[in-house]
Amino acid sequence: TERWRQRWLTTFGCNAANPIVVDGQVFLSSGYNRGSALLTFKNGEPGLVWKTKDFQNQLTSSVYLDGLVYGASGSASVGATLACLRLIDGEVLWNAEDERVGGLTAAGKYLITISDDGLLKVLEPDQASPKLVSQCQVFEEQCWTMPVLCNGRIYCRGAAGTLVCVDVRTTN
């Protein structure tokens, strides 16, 4: 049974990024000059808390950590960059112009990103900027797929079909 519906139009009718649900609110973000918004609910109906065009997820879904949303903001055709948005008010705290992102995921207190040309990074995010923990070039092909961490291994897939597994388990 459908409980509610929110219209969210984009230039090509494309909404690729998944919404994020936090404390009964829904964060939406799309590319194609649409931007982001936070919805809340009153009497079972969605209402707008804020919206901005300063943070746009064209292909890759963002992740939520400790009140902040991290995502690949911008157009994939020119290189989306890692950005940080404060969920409560929609303020973009930073946009790391040198951190091109094709896909990202969160693991504990870290972000795992892969650039649109196959550079895998582990970053420690905060409100000021991302801090590099580790990096390696895993392939040289287009990549817009999120890296997956499973049992101490990071799996990355490129657009041409290359699958790479990076072992990040610690040894004692």
- Query: Out of curiosity, Thr81 OG1 to Asp98 CG, how far, rounded to the nearest 0.5 Å?
  - Reply: 9.0 Å
- Message: Using only atom types and a distance under 3.5 Å, with no angle test, would you say the side chain of Gln25 pairs donor to acceptor with the backbone of Ile88?
- Response: no
- Given the rule that I, L, V, M, F, W and Y join up when any side-chain heavy atoms are under 4.5 Å apart, are Leu149 and Leu111 in one cluster? no
- Task: Verify the neighbour count for atom CG of Asp66: are there more than 12 heavy atoms of other residues, nucleotides or ligands below 6.0 Å?
- Result: no
- Enter the distance from Leu132:CG to Leu123:CG here, rounded to the nearest 0.5 Å. 6.0 Å
- Task: Assign the ring pair Trp50 / Phe27 to parallel, tilted or perpendicular, where the plane angle (0 to 90°) is split at 30° and 60°.
- Result: tilted
- Indicate the atoms forming the closest heavy-atom contact of Gly152 with Asp167, along with that distance. O-OD1, 3.5 Å
- Query: Can Ile154 be reached from Val138 by stepping across I, L, V, M, F, W or Y side chains whose heavy atoms are under 4.5 Å apart?
  - Reply: yes
- Item | Separation between OG of Ser115 and CZ of Arg100, rounded to the nearest 0.5 Å | 7.5 Å
- Test item: Thr60 side-chain N/O and Gly102 main-chain N/O as donor-acceptor pair under 3.5 Å: yes
- Task: Indicate if Phe41 and Leu28 have the same hydrophobic cluster label, given that clusters are the connected sets of ILVMFWY residues with side-chain heavy-atom separations under 4.5 angstrom.
- Result: yes
- What is the distance from atom CG of Asn15 to atom CH2 of Trp8, rounded to the nearest 0.5 Å? 8.0 Å
- Can you tell me if Glu141 uses its side chain to pair, donor with acceptor, with the backbone of Ala160 under 3.5 Å? yes
- Note on the structure: Tightest non-hydrogen contact, residues Tyr155 and Arg153, listed as OH-CD, 3.6 Å
- Message: Under 4.0 Å between a side-chain nitrogen and a carboxylate oxygen: does that hold for Arg86 and Glu91?
- Response: yes
- Task: Using modelled atom types only, decide if a donor and an acceptor are shared between the side chain of Asp116 and the backbone of Trp144 within a distance under 3.5 Å.
- Result: no
- Message: Side chains of Leu48 and Leu39, heavy atoms from C-beta outward: is any pair under 4.5 Å?
- Response: yes
- With sequence neighbours excluded, residues passing side-chain hydrogen bond (donor to acceptor under 3.5 Å, both in side chains) with Arg34: none
- Query: Are Val22 and Val49 connected in a single hydrophobic cluster, I mean Ile/Leu/Val/Met/Phe/Trp/Tyr linked by side-chain heavy atoms less than 4.5 Å apart?
  - Reply: yes
- Message: Let me check something: do Leu65 and Leu85 share a hydrophobic cluster, defined by ILVMFWY side-chain heavy atoms less than 4.5 Å apart, either directly or through other members?
- Response: no
- Rounded to the nearest 0.5 Å, the CG atom of Asp23 sits from the OH atom of Tyr64 at a distance of 6.0 Å
- Query: Is it true that a side-chain atom of Asn43 and a backbone atom of Glu45 form a donor plus acceptor pair closer than 3.5 Å?
  - Reply: no
- Kindly give the heavy-atom pair with the smallest separation between Tyr110 and Pro125, and that separation in Å. CA-CD, 4.2 Å
- Item | OH-CG distance between Tyr70 and Asp126, expressed to the nearest 0.5 angstrom | 6.5 Å
- Message: Can a donor-acceptor pair be found, under 3.5 Å and without considering hydrogens, that links the side chain of Ser73 to the backbone of Gln56?
- Response: yes
- Nearest heavy atoms of Ser62 and Val69, plus distance in Å: CB-CG1, 3.5 Å
- Message: Consider side-chain contact (heavy atoms from CB on, under 4.5 Å). Of Leu120, Thr145, Ile112, which one does Cys156 pass it with?
- Response: Leu120
- Message: For the backbone of Asn57 and the side chain of Ser29, can you confirm whether one donor and one acceptor N or O come within less than 3.5 Å of each other?
- Response: yes
- Task: Identify the two heavy atoms, one from Val63 and one from Ala106, that lie closest to each other, and give their separation to 0.1 Å.
- Result: CG1-N, 4.0 Å
- Quick check: are there more than 12 heavy atoms from other residues, nucleotides or ligands sitting under 6.0 Å from CG of Leu93? yes
- Considering non-hydrogen atoms only, spot the tightest contact between Val26 and Pro19 and give its length. CG1-CB, 3.9 Å
- Message: Looking at Phe55, is its backbone amide N or carbonyl O close enough to the side chain of Ser36 to form a donor-acceptor pair, meaning the two atoms are under 3.5 Å apart?
- Response: yes
